[in-house]
Amino acid sequence: MDKIIEVRHLKKVFGENEVLTDINFKVSKGEVVCIIGASGSGKSTLLRCLNLLELATSGEILFRGEDILTHDMSNSVYRAKMGMVFQQFNLFNNLTVLDNCMVGQIKVLKRKKEEARIKAMEYLEMVGMAQFINAKPNQISGGQKQRVAIARALSMEPEALLFDEPTSALDPEMVGEVLKVMKDLAKSGLTMVVVTHEMSFARDVANRVVFMDSGVIVEDDLPEVIFNNPTNERTRIFLKRILDDR
Amino acid sequence: MEVDAASTFFEWVYYIILTYWPLFLRGAGVTLLISLTGTIVGFGLGIIIGVIRTIPIDQNFNIIQKGLLKLINIILLAYIEVFRGTPMMVQAMVIFYGAAMVYNISLSPIYAGIFIVSINTGAYMAEIVRGGIISIDKGQFEAAHSIGMTHAQTMFSIVLPQAIRNILPALSNEFVINIKDTSVLSVISVTELFFISKSAAGVNYRFFEVFLVTCTIYFIMTFTVTRILRYFEIKLEGPSVYTIHGSQTVPEAEIRITDRERH
Ligand SMILES: Nc1ncnc2c1ncn2[C@@H]1O[C@H](COP(=O)(O)OP(=O)(O)OP(=O)(O)O)[C@@H](O)[C@H]1O
Ligand SMILES: [Mg+2]
C-alpha cells in the first residue's frame, strides 16, 4: 500500500523529560489510525511532532518517503498537506466561518478568491455548516465550531488529517455530530490519524489502533485484536480501566 | 465691556471668554492636532515595534539573522525604557534644544511637539501592542501554522487584528492622556491650550478665572473623545446577530440568530 507517513525512531525530550521514546509507525493512504492511551502518555506530542508544531529531538519523519525534518520540503508546503484538528477548535476568532475556510487557501495555496470560496462552500456543505457562513466563531456551538474546524482543514485538501481529541472539549450531546462527520470522512477514503478517548469510534472506524503508554507504542494492531485480545498486559489494564469507567 | 478689580467673578469669566475665545479655540486646536497626530503616529510605531519584538527566533534562521534580530530587539528595548522612564517635559527640552545645538536646526515648536508626543506614545504603545499580541491564545498561532501559514501571514491576518481590537481601550486612554500631557509642551513654547491660558492669565492677573475656563475646555475635549472612541469600539465588535442562509424548507428565508456568548 501507498505509505503516506512513516515515523522512524522518533524521540522527543522536553528539558529532562523524555516524552517520546523510539516511536516507529506507518500510515498508509486511506487508513484510519486511532491512537489511544492514558493522559500524559505522549499522544498529543506525537501528533504535534507530525505537524511540526513541536520539533522532534531526533529520528525521522518521512512524508511520502521524503524526510521532512531535514527540510527537503518547506514547513509551509508540508503543513498544508498535513491538516490538523484541535481539541480546542482554534477557529480564527476575527474571521467568519467562511473566511476561516478561505484564508489558508488564499495565503498558502495562492488560490483565487472565487475558487477558494467554492472549495470552502463545498466542505462547509459536507460538514453541514453551509448555512452559518456569516457567523463568527463565538456565535456558534462547540460541535458547530469543530465541524467548521474540520471544513477549514479539508479546504486545504490535505493528504492526511490529524485529529487531537476532537470531541473531548464538547458537551456530550454534541459529540455525535462531530463523530458522524469523521465517520463520513473515513468512509470517503481520507487518511486520518485520530487521538481519541472514544473507544467505540476506534473500534468501529479505525483500520488500526495504536496504544501508547509513557512515551512508547506498546501495541499497534487491528482494532479487534487490541480490544478483544490485547497481547500486552499494559493495554489490558488500560482498556479495563477505561471500559469500567463507562 | 469694562472690567476692573471690583468686578465679580462671573464678570471676569465672561470677559475672558469674550476676549480670548479665538485664542482658546486656537490653543485647543493645537492641543488636539498634536495629541491626535501623536497618538496615531505613536500607535503606528507601537504596532511596528510590537510586531518586531514578538518575532519568534526560528530554528531556520541563520546566525546573521538571529544576531540582527537580537540587536534590533536590544535597540527597541532601550528606546522603550528611556522614553517610559523619563518625563515628557524633560524629553521635550532635550530634543528641542538638542536639535538646535547638535544639528543646528531649529524645529518649529509644533513639529517638535508632534515628534515628541509621537515617540513618547510609541514607547508606551509598543509595550501595549506586545502585550496584546502575546495575550492572544496560542491556539490561534498553532491553527494558522497547521494549515501552512507563515509567522508573518498569521500575524497580519489572524493575530494582529484580534490584538488591536483588544487594545483599543488602551489606545483611547493614551489619546486622552496625550490631550492632557501636551500641556507640558508649553516649556518649548508650543502655543497649545495651556500656553495660551498662561499668557491670558498673566496679562490680566486672573489665574483662577482663566484656568477654570481652560479646565472646562480640556474636560470637554477628553470627554468628547472618550465618547467617540467608545462608539467606534462598539461598532468594531461587529453585528451581534448573523443570518442563516436558505433554510431547508424555505430556501430564500433568512433567519436572524442572536449571539450566544456576548452580553
Ligand atoms: N511544552 C512542553 N514542555 C514540557 N513538557 C511537556 C510539554 N508538552 C507536553 N509535555 C509533557 O509531555 C507529556 C506528554 O504530554 P501529551 O500532551 O503529549 O500527553 P497526551 O497523551 O496527549 O495526554 P492527554 O490525554 O492528557 O492529552 C506530559 O507529561 C506533559 O507534561
Ligand atoms: Mg493530548
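Letters go in sequence order (proteins before strands), and every chain restarts at 1.
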Asker: After noting the C-alpha distance and the side-chain angles of B/T150 and A/N75, does the key distance pass the side-chain contact (heavy atoms from CB on, under 4.5 Å) rule?
Answerer: CA-CA 9 Å; B/T150 62; A/N75 284 2; over 6 Å; no
Asker: Report the distance from atom CG of A/N100 to atom CD1 of B/I158, rounding to the nearest 0.5 Å.
Answerer: 7.0 Å
Asker: Report, as yes or no, whether the 6.0 Å neighbourhood of atom NZ on A/K183 holds more than 12 heavy atoms from other residues, nucleotides or ligands.
Answerer: yes
Asker: So B/D137 and A/Q88, side-chain contact (heavy atoms from CB on, under 4.5 Å) or not? Walk me through it.
Answerer: CA-CA 11 Å; B/D137 181 18; A/Q88 298 299 335; 5.8 Å; no
Asker: Tell me, out of A/F89, A/Y78, A/F86, A/F92, who's got the most heavy-atom pairs with chain B below 4.5 Å.
Answerer: A/F92
Asker: In terms of heavy-atom contacts, does OH of B/Y111 have more than 12 from other residues, nucleotides or ligands at under 6.0 Å?
Answerer: no
Asker: What distance do B/S146 atom OG and A/M156 atom CE have between them, rounded to the nearest 0.5 Å?
Answerer: 9.0 Å
Asker: Considering non-hydrogen atoms only, spot the tightest contact between A/K110 and B/Q153 and give its length.
Answerer: NZ-NE2, 3.8 Å
Asker: What part of B/E142 is in contact with chain A, defined as an atom under 4.5 angstrom from a non-hydrogen atom: side chain, backbone, both or neither?
Answerer: both
Asker: Measure across B/Q140 and A/L91 and return the closest heavy-atom pair with its distance rounded to 0.1 Å.
Answerer: NE2-O, 2.7 Å
Asker: Check the pair A/K107, B/I147 against side-chain contact (heavy atoms from CB on, under 4.5 Å), reporting the backbone distance first and the verdict last.
Answerer: CA-CA 10 Å; A/K107 302 273 172 195; B/I147 53 175; over 6 Å; no
Asker: Nearest heavy-atom pair of B/G148 and A/S76: which atoms, and what distance?
Answerer: O-OG, 2.5 Å
Asker: Pairs of donor and acceptor atoms involving the side chains of residues 116-128 of chain B, under 3.5 Å and at least two apart or interchain, shall be tabulated with distances.
Answerer:
residue: B/S118; atom: OG; partner: B/I114; partner atom: O; Å: 2.7
residue: B/N120; atom: ND2; partner: B/Q91; partner atom: OE1; Å: 2.7
residue: B/T121; atom: OG1; partner: B/V117; partner atom: O; Å: 2.6
residue: B/T121; atom: OG1; partner: B/N178; partner atom: ND2; Å: 3.0
residue: B/E127; atom: OE1; partner: B/R130; partner atom: NH2; Å: 3.4
residue: B/E127; atom: OE2; partner: B/R53; partner atom: NH2; Å: 3.2
residue: B/E127; atom: OE2; partner: B/R130; partner atom: NE; Å: 3.3

Asker: With a 4.5 angstrom heavy-atom cut-off, could you sort out which part of A/M84 is near chain B: side chain, backbone, both or neither?
Answerer: both
Asker: Report, by ascending residue number, the residues of residues 41-53 of chain A in heavy-atom contact with chain B at a distance under 4.5 Å; give 'none' if the set is empty.
Answerer: A/R48, A/N51, A/L53
Asker: So, taking the atom named CD1 in A/I106 and the one named OG in B/S157, what distance separates them when rounded to the nearest 0.5 Å?
Answerer: 9.5 Å
